[in-house]
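Mind having a look at this structure? Questions to follow.
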2 protein chains.
Amino acid sequence: MISNRQAKEREQRKEQILSSALSVFKKHGIEKATMDEIAKEADFGKATLYYYFSSKEEIFAEQLVRGWRMIWESIEPIVHQTNQPKNTFIDSLNTIGALVRKDQVLFEFLFTAPKALPDAAGESNQDWKKYQKKMYGVLQSLLEEAIEKKEFPEIRSDMLMRAIGGLFHGLFFLGDNKKIMSRETMEEFITVFIGNYGKS
Amino acid sequence: MISNRQAKEREQRKEQILSSALSVFKKHGIEKATMDEIAKEADFGKATLYYYFSSKEEIFAEQLVRGWRMIWESIEPIVHQTNQPKNTFIDSLNTIGALVRKDQVLFEFLFTAPKALPDAAGESNQDWKKYQKKMYGVLQSLLEEAIEKKEFPEIRSDMLMRAIGGLFHGLFFLGDNKKIMSRETMEEFITVFIGNYGKS
DNA sequence: TTAAATTTCGACTCATTGTTCGAAATAAGA
DNA sequence: TCTTATTTCGAACAATGAGTCGAAATTTAA
């Protein structure tokens, strides 16, 4: 039998491992994040990690699901607003921006790790993609509605998504000084780049 | 003594190795690009690679210098135009776009590899940064001039650089279908995002 | 043709690292 | 307290992959 508290403690240990993995990722990138270092960081023996996760890949996969699920759950209530699609879209961006501001490293991981992770990871290790796809899906349809209503210029919405995605990524993650991007600055950029269209 | 033709053939073999390295990079990313696979791809024994390059890192470093030098040499004549800074800036973006269009994989490497490469690589292995810095430098000062002349909105130019860099990267490299971005589409985007400011 | 220089590579070393095993330590329940 | 379940980890294993060595093959030049 496994008590309630035991389950909770166990979950806490898992989180400790995940967070250590993240901080090792921050130092070396995903490829060079070794189990040894994660273990040391988490204050566990290496073998113990395998008691909680079946493989290195699973650790990062778990990090991905949790992260993307969180993003999705933060976005979902917003995209269902009945508002101008353009405003809803901008609200969504701002929401994600706020999340990133809280934990920049996590999001750098969420946005860059996928490319580095072996694709052939069958089954459940790709669960995070569900959430990612949902998010991109709703954002892109917001864009399409907004284009329809002339709130955005008539450009292929998938291209526009890419452009805005890149823009966002550039603002937060590019450059040497990883300064935190303030809400004000971000809104200013949104206004300059896509916010002014269709006004006056 | 080493004849002219010998030197040329030797250079060709180097290029063969570099190009193989690039195609292995394309398949697996830089971390998982092994010397064994590069050797097989280049039709050489692994040991032979070490006759031409002193290490794996040097191969990729060489690829980086060559690439960034090429970018710089393509950009340099343009940035010295005496034109509106904004037009010069846009011309530069278009020039780089044209280069990317010719060899997308190479540029994906040039733009993403730096992050993955060990920083501590002393000495000459960082030569490419010279060119990269020069390029970002001139582009950013173009931006500053343009802001000065009210051709662009008054935003911190380093932020604007990041934003535009991200935008560019997003257009060319994001998304599943790595479709080639046509000149027309790209110009359309430049117009929509930054080209319209200050007009009419 | 022959000696010297250049180029190639098979076989090996050596370090790293993901993963497993079995046993020890600790906690829970009776 | 005694038994059982849970948690921990040191040590070993196996695979991988960067880099080396010495000798063989090939080319050059005389």
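No hydrogens, no waters, no symmetry mates; every other heavy atom, side chains included, goes into these values. By convention in this document, chain letters (A, B, ...) are assigned in the order of the sequence lines, proteins followed by strands, and residues within each chain are numbered from 1.
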Checklist entry - Given the side-chain rings of A/Phe25 and A/Phe60, with only the six-membered ring counted for Trp, is the space between their centroids under 6.0 Å? => result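 No, the ring of A/Phe25 stays outside the 6.0 Å limit from the ring of A/Phe60, centre to centre.
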
Checklist entry - Are the side chain of A/Gln16 and the backbone N or O of A/Ala42 linked by a donor-acceptor pair below 3.5 Å? => result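 Here the side-chain-to-backbone pair exists.
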
Next on the checklist: Using a 4.0 Å heavy-atom cut-off to protein, can you give one letter per nucleotide of nucleotides 13-19 of chain D, 5' to 3': B if the base is in contact, S if only the sugar-phosphate is, - if neither?
Outcome noted: ----SBB

Next on the checklist: Please compare A/Thr48 and B/Ala47 by the position of their nearest nucleotide in DNA chain D and report the one closer to 5'.
Outcome noted: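 The residue mapped nearer the 5' terminus is A/Thr48.
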
Checklist entry - Are B/Lys26 and B/Phe109 in a cation-pi setup, meaning NZ or CZ lies under 6.0 angstrom from the ring centre and within 45 degrees of the ring axis? => result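 No; the conditions do not both hold, so B/Lys26 does not lie above the ring face of B/Phe109.
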
Next on the checklist: For D/dT20 and B/Tyr51 - does any side-chain N or O of the residue sit under 4.0 Å from the phosphate oxygens OP1/OP2?
Outcome noted: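 B/Tyr51 to D/dT20 OP1/OP2: no side-chain N or O under 4.0 Å.
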
Item to check | Exam field: side chain B/Gln104 to backbone B/Phe172, donor-acceptor pair closer than 3.5 Å | outcome: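 Between the backbone of B/Phe172 and the side chain of B/Gln104 there is a qualifying donor-acceptor contact (under 3.5 Å).
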
Item to check | D/dT27 OP1/OP2 closer than 4.0 Å to side-chain N/O of B/Arg5 | outcome: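 B/Arg5 to D/dT27 OP1/OP2: no side-chain N or O under 4.0 Å.
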
Checklist entry - Between C/dT17 atom C1' and A/His28 atom NE2, what is the distance in whole Å? => result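 After rounding, the gap between these two atoms is 14 Å.
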
Next on the checklist: Centre-to-centre under 6.0 Å for B/Trp68 and B/Phe111, is that the case here?
Outcome noted: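 Yes, close enough.
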
Item to check | CG on A/Leu171 to CE on A/Met181, rounded to 0.5 Å | outcome: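 Nearest 0.5 Å value for the CE-CG distance: 5.0 Å.
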
Checklist entry - Checking A/Lys86 side chain against A/Ile147 main chain: does a donor-acceptor pair fall under 3.5 Å? => result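 No: the side chain of A/Lys86 does not pair with the backbone of A/Ile147.
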
Checklist entry - To the nearest angstrom, how far is A/Tyr52 atom OH from D/dT6 atom P? => result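 Whole-Å distance recorded here is 12 Å.
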
Item to check | Value in whole Å for how far the P atom of C/dG18 lies from CZ of A/Phe60 | outcome: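 It is 9 Å, rounded to the nearest whole Å.
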
Next on the checklist: If you take any heavy atom closer than 4.0 Å to DNA chain D, which residues from residues 7-17 of chain A end up in contact?
Outcome noted: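 The stretch gives A/Arg10, A/Arg13 as the residues lying under 4.0 Å from the strand, ordered by number.
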
Item to check | Rounded distance in Å - CD (A/Gln6) to C1' (C/dG29) | outcome: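 Atom-to-atom, A/Gln6 to C/dG29, this comes out as 10 Å.
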
Item to check | Rounded distance in Å - CD (A/Glu58) to C1' (C/dT19) | outcome: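 Between C1' of C/dT19 and CD of A/Glu58: 13 Å.
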
Next on the checklist: Using modelled atom types and a 3.5 Å cut-off, is there a donor and acceptor pairing between side-chain atoms of B/Lys56 and backbone atoms of B/Ala33?
Outcome noted: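 Here the side-chain-to-backbone pair exists.
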
Item to check | Between C/dT8 (P) and B/Ile38 (CD1): distance, integer Å | outcome: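 Going from CD1 in B/Ile38 over to P in C/dT8 covers 17 Å.
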
Next on the checklist: Please check this pair: side chain of A/Ser55 against backbone of A/Glu58, looking for a donor-acceptor N/O pair closer than 3.5 Å.
Outcome noted: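 Looks like yes, one N/O pair under 3.5 Å.
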
